[in-house]
Amino acid sequence: MSGLLHGPTAEPAATPRRRVAVVGVALSDCGRVDGPTPYALHAQAARRALSDSGLDRRVIDGFASAGLGTLAPIEVAEYLGLRPAWVDSTSVGGATWEVMAAHAADAIAAGHANAVLLVYGSTARADIKARRRTSNLSFGARGPLQFEVPYGHTLISKYAMAARRHMHEYGTTLEQLAEVAVQTRANAAANPDAMFRDPLTVAEVLSGEMIADPFTKLHCCIRSDGGCAVLLAAEDYVPDTIKAPVWILGAGTSVSHTAMSQWEDFTVSPAAVSGRLAFERAGLTPADVDLAEIYDAFTYMTLVTLEDLGFCGKGEGGAFVEKGRLLRGGELPVNTDGGGLSACHPGMRGLFLLVEAVRQLRGEAGPNRQVTRPDGHLPEVALASGTGGWFCSSGTVILGRG
């Protein structure tokens with residue numbers, strides 16, 4: 001009774017939040033993969049990531065997946081023989097995996113899960129080749145989309161319209177957008193897993209087949225097969241892993257719009273919010289980042305995301321991407337595996353960004369494509385930023401070795 005009258009005598013002790021590390025990453029077979037099903041690619045990537053961690057599969061009590069099955073992630077978990085007590089099926093397009101990683105890190109930090117497996121697999125290219133499906137131009141025509149789809153406003157055209165607005169407002173040129181594709185292909189050249197590795201020139205990008213003005217074919221991501229997996233675990237499990245941990249330092253998420261009429265500014269992506277939150281939570285700034293893995297379904301996506309994350313000022317993205325700044329040895333190495341423009345893009349590529357960031361921080365990229373700091377040491381901080389829909393969603397994750 002005295003407690004009710006006078007209140008508690010002391011504040012309850014706060015539960016300490018655990019640090020969260022990425023302890024395992026892997027790719028499935030990628031590129032042109034005609035035989036396996038998407039489920040098989042999920043399983044292949046999951047097994048490889050678990051092996052990469054050195055942990056026993058019994059530690060996995062959390063699971064996150066999207067894009068496959070009627071009851072994702074339940075069907076995929078069943079296929080993998082898992083019975084997780086924590087699940088996430090968030091689906092926000094290409095940003096899905098950064099958003100899921102943020103959710104998983106929070107759950108692990110709070111003690112709601114100990115080890116969470118994120119896994120993805122798709123046979124998008126093989127399915128079209130085998131005529132099991134057709135190429136999709138839009139996400140459907142229900143809800144707010146009903147006011148745009150009948151007029152031919154496709155996914156690609158929405159990005160193209162946004163790019164044109166940036167060009168109009170800030171003087172960004174087609175040559176500057178093409179530089180993104182050229183430098184990304186140069187990064188892919190040293191990656192044996194990349195689907196396209198032959199050098200590109202700005203002239204070749206500009207003279208390609210027009211897809212949606214101003215985007216020619218080489219301004220657009222490739223279509224591939226493939227999968228990957230990332231295993232996150234609480235700091236308690238790190239001593240049992242076989243490789244050095246890569247820590248989740250901070251993460252942020254954001255959504256913007258569905259209808260283009262509700263997008264206030266075509267030159268600003270939701271990464272402007274997710275990036276700010278991630279940096280604040282990590283206690284870092286863009287100047288601390290050694291490399292960035294950025295969703296690149298189209299060249300404009302890379303350029304505007306660099307602006308919104310704070311690597312350059314608004315409207316300065318065109319100038320920033322010139323002079324080789326995005327190359328492995330450049331001022332800010334971006335999409336060091338070749339990105340969605342050259343390496344692989346099976347559908348929702350966000351998880352691949354995390355895999356590449358972790359491998360670079362571990363020093364596992366290989367002698368021909370490993371990023372190093374100006375002093376010759378391995379990178380300390382990497383950023384992965386995913387974008388979904390037509391700049392509808394964003395998730396940004398900052399990772400570090402320390």
Side-chain angles (χ1 to χ4, degrees), residues 22 25-27 30 93-102 118 120 180-181 183-188 190-191 193-194 221-222 226 228-230 232 246-253 269 271 274-275 278-279 282 284 286 288-299 301-306 308-311 321 325-346 348-366 369-372 378-388 394-401:
V22 177
V25 298
L27 301 179
C30 292
T96 290
W97 306 101
E98 281 68 36
V99 173
M100 282 183 170
L118 284 65
Y120 177 66
V180 175
Q183 293 176 50
T184 305
R185 177 64 64 86
N187 288 339
N191 178 11
D193 294 322
C221 65
I222 63 177
C228 58
V230 171
L232 285 74
V246 169
W247 301 98
I248 303 291
L249 304 181
T253 66
S269 79
S274 70
F279 280 118
L284 298 172
D288 297 309
V289 175
D290 297 311
L291 63 110
E293 308 298 336
I294 293 174
Y295 208 98
D296 60 340
F298 304 95
T299 52
M301 186 184 292
T302 302
L303 184 148
V304 77
T305 304
L306 285 167
D308 292 334
L309 292 172
F311 291 111
V321 301
R325 283 190 174 93
L326 312 186
L327 296 172
R328 178 181 60 85
E331 194 174 302
L332 178 69
V334 172
N335 295 337
T336 48
D337 64 343
L341 293 170
S342 289
C344 70
H345 199 302
M348 295 191 293
R349 182 180 148 77
L351 196 56
F352 290 84
L353 309 181
L354 293 168
V355 172
E356 176 66 10
V358 169
R359 286 180 167 176
Q360 287 286 350
L361 290 173
R362 286 177 173 176
E364 296 176 344
R369 69 181 199 88
Q370 176 63 53
V371 171
T372 56
L378 289 177
E380 294 287 341
V381 177
L383 175 146
S385 187
T387 302
S394 177
T396 302
V397 179
I398 300 175
L399 308 104
R401 292 198 299 123

Problem - Partners passing ring-ring contact (aromatic ring centres under 6.0 Å, His included) against Phe352 (at least two apart in sequence or in another chain) - result: none
Handout entry: Polar side-chain atom of Gln370 near backbone of Ala365 as donor-acceptor pair, under 3.5 Å
Key = yes
Exercise for the section: Any chance you could lay out the side chain to side chain contact (heavy atoms under 4.5 Å, CB included) test for Leu306 and Ile294, step after step, and finish with the verdict? Expected result: CA-CA 8 Å; Leu306 285 167; Ile294 293 174; 3.5 Å; yes
Problem - Flag side-chain contact, heavy atom, 4.5 Å: Trp97 against Val397 - result: no
Problem - CA sep, side-chain torsions, deciding dist, call: Tyr120, Thr96, side chain to side chain contact (heavy atoms under 4.5 Å, CB included) - result: CA-CA 10 Å; Tyr120 177 66; Thr96 290; over 6 Å; no
Problem - Side chain to side chain, Ile248 and Leu232, heavy atoms closer than 4.5 Å - result: yes
Practice task
Answer yes or no: is there an ion pair linking Glu356 with Arg369, defined by an N-O contact shorter than 4.0 Å?
Solution key: yes
Exercise for the section: Examine distances only and state if a side-chain atom of Asn187 and a backbone atom of Leu326 form a donor-acceptor pair shorter than 3.5 Å. Expected result: yes
Handout entry: Heavy-atom check, side chain of Asp337 versus side chain of Asp193, under 4.5 Å
Key = no
Exercise for the section: Determine, stepwise, if the pair Val22 / Leu354 fulfils side chain to side chain contact (heavy atoms under 4.5 Å, CB included). Expected result: CA-CA 9 Å; Val22 177; Leu354 293 168; over 6 Å; no
Practice task
Please answer whether the main-chain N or O of Thr184 pairs with a side-chain N or O of Asn335 as donor and acceptor at a distance below 3.5 Å.
Solution key: no
Exercise for the section: Work out which heavy atom in Leu399 is nearest to a heavy atom in Ala357; give both atom names and the distance. Expected result: CD1-CB, 4.1 Å
Completion exercise
Of all heavy-atom pairs linking Ala102 and Thr253, the shortest is CB-CG2, 4.1 Å
Handout entry: Nearest-0.5 Å distance that lies between atom CG in Leu309 and atom OG in Ser394
Key = 7.0 Å
Exercise for the section: Verify, without hydrogens or angle tests, whether Asp290 (side chain) and Val381 (backbone) share a donor-acceptor contact under 3.5 angstrom. Expected result: yes
Practice task
Check for a donor-acceptor pair, side chain of Gln183 on one end and backbone N or O of Val321 on the other, with a separation under 3.5 Å.
Solution key: yes
Handout entry: Shortest non-hydrogen separation from Thr396 to Ser385 and the atoms involved
Key = OG1-OG, 3.1 Å
Completion exercise
Shortest non-hydrogen pair, Leu341 vs Ala297, comes out as CD2-O, 4.3 Å
Practice task
Look up atom CZ in Arg349 and atom OG1 in Thr387, then write down how far apart they are to the nearest 0.5 Å.
Solution key: 12.0 Å
Completion exercise
Between Ala26 and Arg359, the two heavy atoms sitting closest are CA-NH2, 4.1 Å
Problem - Side-chain (Asp296) to main-chain (Phe298) donor-acceptor, under 3.5 angstrom - result: no
Practice task
Please answer whether the main-chain N or O of Arg401 pairs with a side-chain N or O of Glu380 as donor and acceptor at a distance below 3.5 Å.
Solution key: no
Practice task
Supply the atom-to-atom distance Leu332 CG to Leu327 CG, rounded to the nearest 0.5 angstrom.
Solution key: 11.0 Å
